[in-house]
Undergrad: 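Here it is, the structure in full.
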Amino acid sequence: MELSHVSTCARFHHIHPCPTPLSFPIFPRVSTTTSSSGRGSQRSSAAAGTPALIDIPCNDAQKSGAVDAQRRHSKPYLARKDAILQVQQSPHLDSALQRLGGVLKVQDLNVILRNFGQQSRWQDLFQLFDWMQQHNKISASSYSSYIKFMGTSLNPAKALEIYNNIPDELTKTNVFICNSVLRCLVRNGKFDSSMQLFRKMKHNGLIPDAITYSTLLAGCMKVKDGYSKALDLVQELNHNGLQMDSVMYGTLLAVCASNNQCEEAQSYFNQMKDEGHSPNIYHYSSLLNAYASGGNYKKAEELVQDMKSSGLVPNKVMLTTQLKVYVRGCLFEKSRDLLVELDTLGFAKDEMPYCLLMDGLAKVGRIDEARSVFDEMKGKCVKPGGYSYSIMISSFCRGGLFEEAKELAAEFEAKCDKYDVAICNAILCAYCRAGEMESVMRTMRKMDELAISPDYNTFHILIKFFCKEKLYMLAYQTMEDMHRKGHQPAEELCSSLIYHLGKIKAHSEAFSAYSMLKYSKRTMCKAFHEKILHILIAGKFLKDAYVVVKDNAKFISPAAIKKFAKSFVKLGNINLINDVLKVIHASGNKIDQHNQLSSASQRLFQMAVSRYIAQPEKKDLLLQLLQWMPGQGYVVDSSTRNLILQNAHLFGRQLIAEILSKQHMMSKALKSH
DNA sequence: GGTTGCTTCA
């Protein structure tokens, strides 16, 4: 079935195939020149001061200097350096390693490893690391670099595999390696796993450093409850005698912003300044982003002024964030003005600022204006990508413009080939709302091919659609998938599916859907238990019905309980009949609500007794029942008594006589009362 | 001899 197919696809298979670079430079690139950050240059100058073998730029201007340097070095050193260059440039890594591997030391191989990683040559990286492992030319640094690149190449499963297979326990708690693994998980959205692993690492002897905490803090940004998790981490790092630095404050501000903790962001910003860190553009834009969540444009404008007077110039992100503030505050005129300003500064070359505005307009129902921003963006030759399409498709869906949504989805499919789960959800939603079954199935196949894991929304969209199309079993299977993937379906959806499953007599599926909801953490409407009870009784799933009654008797009406009791005593497992009667009695639902001697309750006991008589080997159960009854104020009626007496030889005449006389006395007492 | 964290969108 398509569905299980979709849901079983593992995102970890998602290796970005590395195209062999056709235009691979003849001279090796200087790895650090790709980074414009101060840190990159720091690193390169530090490295240049040591005899370590790093990539040497080979442009003409530097050639003569390089020759001078070469004269000062020993022969083996030059041979190694040459070997590094050759391996890096060789189109045949295998043979190059075969030829030159013997000359290269572990640190030389690490240089090559990092070079491959920086150039995103994942296939070569993989091959080299493999070779290093096989030839036992590997160090802790090799692991930390390699795992780091597994993070950037979006392959956390591989990184974990490498980490777990490190043979030496001590190496496994090397803080650099641990930091790399944790970063890899965080970057790939696996914050919970990273925290779990972090605990394990500490247990095994890791002494975390500031970088460790900084890495984990960054993971708090996109998880629910991220703010309190961040606070826990800050507390822990302080407890370990570590201090927050400027970058950590930047991360913490970003966490505040994404968790709508506007005032906290402001107070950390001040605290940071008090501790002598001067805020940079990151700190300002994170705080600005925090103001956006409250639509606090006055404070935002003050902050931008403050930043300008401190000598910082607002960059693209800063201004875009300011646009977000205006949009969130529904100040669409100001938003438009700022968009013009961004455009003039050359900061509106990608879809982002347009997306912000479109999204804000669409969310307040101004779909026509959102559409015209979208068209304006296209007119300016800004290439729309998944974000803008998904905003527009979703808002058309929300606004009931299903045909237009469908057309836009098709347009995206025709024009773009970059898919992720969000755009897929938008497309699915459009096709579902337009009732295009073929296109829905095609999109699911596409997700499967592209190894895009369905998320909570995907499942919801599909289940709703399948219900609408009356494909209830398919809807049920999708819900099963959803549950297996750890998502909890919303109650209304579950409830409606259960209702329909009951209607088509898929009783056991209905119960299974009920159980998924029940054992999830979501709250469940009280009436739900009674609903499923009726379905289970109809399907003769009386044992399951018994469990439902036992656990939820207080939420179920007396009428439904009575119906259940009748069905169970008549058709349920004979060994459980007494238990069922006791549970119903104990729940406060007297076997007959108003009168223990009512005919309804007597019919129930009669039915139980006749079942026991039909199976004499269950005589102990009958005796237990008869002995239990008078204590609770129940007695058998005369016809049942006669029935028992007729079969008394099966149970022991003496005993039966004693029990029945006890019941008889009870009956007289009740009547006189 | 090696690690690292921060800002905008669905």
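Note on naming: letters A, B, ... go to the chains in the order of the sequence lines (proteins, then strands), and numbering restarts at 1 for each one. In this text, all values refer to a predicted model and were calculated from it rather than measured experimentally.
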Undergrad: Using the test side chain to side chain donor-acceptor pair (under 3.5 Å), find all partners of Asp168(A) that sit at least two apart in sequence or belong to another chain.
TA: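 Counting only residues at least two positions away or on another chain, Asp168(A) forms a side chain to side chain donor-acceptor pair (under 3.5 Å) with Thr171(A).
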Undergrad: Might you confirm whether atom NZ of Lys464(A) has over 12 heavy atoms from other residues, nucleotides or ligands at distances under 6.0 Å?
TA: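 Open: at most 12 neighbouring heavy atoms sit under 6.0 Å from NZ of Lys464(A).
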Undergrad: If I take atom CG in residue Asp350(A) and atom C1' in nucleotide dT8(B), what distance separates them, rounded to the nearest angstrom?
TA: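 Distance, rounded to whole Å: 9 Å.
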Undergrad: Just to verify, what does Glu264(A) make a salt bridge (charged side-chain N to carboxylate O under 4.0 Å, His left out) with, not counting sequence neighbours?
TA: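 Salt bridge (charged side-chain N to carboxylate O under 4.0 Å, His left out) check on Glu264(A) returns nothing, list empty.
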Undergrad: Rounded to whole Å, how long is the line connecting atom OH of Tyr143(A) with atom C1' of dG1(B)?
TA: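 Between C1' of dG1(B) and OH of Tyr143(A): 16 Å.
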Undergrad: Looking at residues 280-292 of chain A, who's got a heavy atom less than 4.0 Å off DNA chain B?
TA: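 Those residues are Tyr282(A), Ser285(A), Ser286(A), Asn289(A).
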Undergrad: Roughly, in whole Å, what's the span from CE in Met150(A) to P in dT3(B)?
TA: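 It is 15 Å, rounded to the nearest whole Å.
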Undergrad: By nearest atom, which of the nucleotides dT3(B), dG1(B), dT7(B) is closest to the Ser141(A) side chain?
TA: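 The closest nucleotide is dG1(B).
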Undergrad: Output the rounded distance in Å from CE (Met358(A)) to P (dT8(B)).
TA: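 Taking CE of Met358(A) and P of dT8(B), I get 18 Å after rounding.
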Undergrad: Go through the structure and list residues passing salt bridge (charged side-chain N to carboxylate O under 4.0 Å, His left out) with Asp306(A), not counting sequence neighbours.
TA: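 None.
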Undergrad: I need the residues from residues 232-256 of chain A with at least one non-hydrogen atom less than 4.0 Å from DNA chain B; give them sorted by number, or say none.
TA: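 Here the set is Asp245(A), Val247(A), Gly250(A), Thr251(A), Ala254(A).
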Undergrad: Separation of Tyr419(A) atom OH from dA10(B) atom C1', in whole Å?
TA: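 Between C1' of dA10(B) and OH of Tyr419(A): 16 Å.
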Undergrad: Check salt bridge (charged side-chain N to carboxylate O under 4.0 Å, His left out) between Lys172(A) and all other residues, then give those that pass, not counting sequence neighbours.
TA: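 So Lys172(A) forms no salt bridge (charged side-chain N to carboxylate O under 4.0 Å, His left out) with any residue.
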Undergrad: Could you tell me which residues satisfy side chain to side chain donor-acceptor pair (under 3.5 Å) with Asp209(A), sequence neighbours excluded, listed by chain and number?
TA: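 Counting only residues at least two positions away or on another chain, Asp209(A) forms a side chain to side chain donor-acceptor pair (under 3.5 Å) with Asn179(A), Thr212(A).
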Undergrad: Go through the structure and list residues passing side chain to side chain donor-acceptor pair (under 3.5 Å) with Tyr146(A), not counting sequence neighbours.
TA: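 Here no residue qualifies.
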Undergrad: Reckon Ile391(A) touches a base, only the sugar-phosphate, or nothing at all at heavy-atom distances under 4.0 Å?
TA: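 Ile391(A): backbone/sugar contact only, no base atoms under 4.0 Å.
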Undergrad: Identify which nucleotide among dG1(B), dA10(B), dC6(B) has an atom closest to any side-chain atom of Ala218(A), counting heavy atoms from C-beta outward.
TA: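 Side chain of Ala218(A) sits closest to dC6(B).
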Undergrad: Which residues pass the salt bridge (charged side-chain N to carboxylate O under 4.0 Å, His left out) test with Lys383(A), sequence neighbours left out?
TA: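 Per chain and number, Lys383(A) pairs via salt bridge (charged side-chain N to carboxylate O under 4.0 Å, His left out) with no residue.
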Undergrad: What pairs with Tyr419(A) under side chain to side chain donor-acceptor pair (under 3.5 Å), at least two apart in sequence or on another chain?
TA: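 For Tyr419(A), the residues satisfying side chain to side chain donor-acceptor pair (under 3.5 Å) (neighbours in sequence not counted) are Lys446(A).
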Undergrad: Using atom CG of Asn179(A) as one end and atom P of dG2(B) as the other, report the distance to the nearest whole Å.
TA: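 Spelled out: CG on Asn179(A) to P on dG2(B) is 16 Å.
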Undergrad: So which of residues 304-327 of chain A are in contact with DNA chain B, with a heavy-atom cut-off of under 4.0 Å?
TA: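 By residue number: Val317(A), Thr320(A), Thr321(A), Lys324(A).
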Undergrad: Please check the phosphate of dA10(B) (OP1 and OP2 only) for any side-chain N or O of Lys363(A) closer than 4.0 Å.
TA: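 It does, given that an N or O in the side chain of Lys363(A) lies less than 4.0 Å from OP1 or OP2 of dA10(B).
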Undergrad: Strictly distance-based, threshold 3.5 Å: is any side-chain N or O of Asp108(A) a donor or acceptor partner for the main-chain N or O of Lys105(A)?
TA: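 Checking the backbone N and O of Lys105(A) against the side chain of Asp108(A), a donor-acceptor pair under 3.5 Å is found.
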Undergrad: Side-chain donor-acceptor pairs under 3.5 Å in residues 329-341 of chain A, sequence neighbours left out?
TA:
unit_1    : atom_1 : unit_2    : atom_2 : d
Lys334(A) : NZ     : Glu301(A) : OE2    : 3.1
Ser335(A) : OG     : Leu331(A) : O      : 2.7
Arg336(A) : NH2    : Glu369(A) : OE1    : 2.9

